[in-house]
Protein chains: 2
Amino acid sequence: MLTDRQQAVLDFVRAQHERLGLFPTLREIQAHFGFASPFAATRHLQALEKKGALTRQPGKARAFTLPASRHSSASWSGGGLLSIPVFGVIPAGLPAANAQEIEPDESVAVDAASLGLRRNSRVFGLRVRGDSMIGANILEDDIVFLAPREPTPGQIVAALIDGESTLKRFLHQRGRPFLRAENPRYPDLLPAAELIIQGVMVGLLRRTA
Amino acid sequence: MLTDRQQAVLDFVRAQHERLGLFPTLREIQAHFGFASPFAATRHLQALEKKGALTRQPGKARAFTLPASRHSSASWSGGGLLSIPVFGVIPAGLPAANAQEIEPDESVAVDAASLGLRRNSRVFGLRVRGDSMIGANILEDDIVFLAPREPTPGQIVAALIDGESTLKRFLHQRGRPFLRAENPRYPDLLPAAELIIQGVMVGLLRRTA
DNA sequence: TTAACATGTGTTCAAATGAACACTATATGG
DNA sequence: CCATATAGTGTTCATTTGAACACATGTTAA
């Protein structure tokens, strides 16, 4: 069992790695805790290592490993994490080359593989408003993930109509595309102009807590 | 625009950080690419820095920053990433203190905030089998996230019945708990013995790609 | 009361690591 | 043809960083 001081050191090591992507040096730990000697930091790290709370590579700078506590970012080694910008209203500029510069309302992190995507895929998220897609089991406040790609009929897409984005199912009839809400209370949309598809749905995240 | 060699160096730096949680030293980059001199590595890093692909803290070991490319793990600075074990069948041992040692079928990464959870919260995932919860907009192959906590009536839970786990809505009737499928094709479950709740649903991840 | 552990201080030194210089070869653009 | 950029080699040195020793104090458990 870690002592309070040891836990504090471990928390600092973990927090530095989360914030900066770097583990701290002995002297950075010394400075943070106000130790007069870097060896005090060494003593704590040695105790943490003995108790299995971290491992060190002898003689190497900043070389820690935090063992799999399965619920922390330090243990994620599956790679391919996506930081996905989420919009409440999709900016008309999406998907554009400079889309990354449009400030999202929030961001969520999900690993690419669980959405069936390659690492570093371009994805954005849309916070669902309303109940127009309830028939497709998409609820208000869900985050729908969309990738910019050409849709095939039957897929759910974000489309730009009259300067606004809408989430609908993409279908064809007699060679002409149209959009269907998955709620009988909403009519089909047959766009007068060419349909601009901003993204095709690749996944969904729901929070129920 | 980065040259091919510079891109290769950047990819290596990023990959090492994803795999090990550490940026490489000049000599580790030198060894990887077979350079005769650590200064070759320095030259590439200087070029990458000049082109804005990374930044370095002068004179400090392994001290890089990768600027926000919004679609890579290096850019996730929101903290609180959860590495969630996902099971096809929930082991009867969940949720137990040694649950972390039970080997999951897979893991997914999601940030805690988007599930309304604190960093380092204990969560596990269940890959949904069958259509018993379709009425709650939970589809087969969805991953349902569950946190070990006491349920309140109306919540969706994973419960252990007859040695098997099942996902159902938790309800009360005349003070007695029972489980309801959200599909009229399945009957309510009135457990004979005391109900063991393995987790309460806190979110869901769906893949449609 | 004693031993073990925790938590340091103070100091020195070895190794790791980054910095930088002079040089060479090749490619590219003006 | 010349200047610049890229991509190194070879080498040396400064700084950062980790390691480790001797010592001290307080706490805890046997």
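Order of the sequence lines fixes the chain letters, A, B, ..., with proteins taken first and strands second; residue numbering starts at 1 for each chain.
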Can you measure from [atom1] ([X]) to [atom2] ([Y]) and round to the nearest 0.5 angstrom?
X        : Y        : atom1 : atom2 : result
A/Arg207 : B/Leu204 : CZ    : CG    : 14.5 Å
B/Ile138 : A/Thr208 : CD1   : OG1   : 7.5 Å
A/Gln198 : A/Leu126 : CD    : CG    : 9.0 Å
A/Leu190 : A/Arg180 : CG    : CZ    : 9.5 Å

For atom [atom1] of [X] and atom [atom2] of [N], their distance in whole Å:
X       : N      : atom1 : atom2 : value
B/Arg5  : D/dT6  : CZ    : P     : 15 Å
B/Leu2  : D/dA5  : CG    : C1'   : 15 Å
B/Lys51 : D/dA5  : NZ    : P     : 11 Å
A/Leu54 : D/dG18 : CG    : P     : 13 Å
A/Gln30 : C/dT7  : CD    : C1'   : 14 Å
B/Phe33 : D/dA7  : CZ    : P     : 11 Å

Query raised in the report: Donor-acceptor pair, A/Arg62 side chain versus B/Ala61 backbone, under 3.5 Å?
Result: yes
Query raised in the report: Has the side chain of B/Arg127 got a donor or acceptor atom that lies under 3.5 Å from a matching backbone atom of B/Phe87?
Result: no
Query raised in the report: Does D/dT6 have OP1 or OP2 sitting under 4.0 Å from an N or O in the side chain of B/His44?
Result: no
Requested in this report: Summarise how protein sits on nucleotides 17-30 of chain C as a single string, 5' to 3': B when a protein heavy atom is under 4.0 Å from the base, S for sugar-phosphate-only contact, - for no contact.
Outcome: BBSBBB--------
Report summary line: From the candidates C/dG8, D/dT9, D/dG8, the one with an atom nearest any side-chain atom of B/Ala36 is D/dT9
Report task. Please state whether the rings of B/Phe12 and B/His32 are parallel, tilted or perpendicular, taking 30° and 60° as the class boundaries. Result -> parallel
Requested in this report: Assign the ring pair A/His17 / B/His17 to parallel, tilted or perpendicular, where the plane angle (0 to 90°) is split at 30° and 60°.
Outcome: parallel
Report summary line: Overall bend of the helix from C/dT1-D/dA30 to C/dG30-D/dC1 (five pairs an end, 10° steps) is 30°
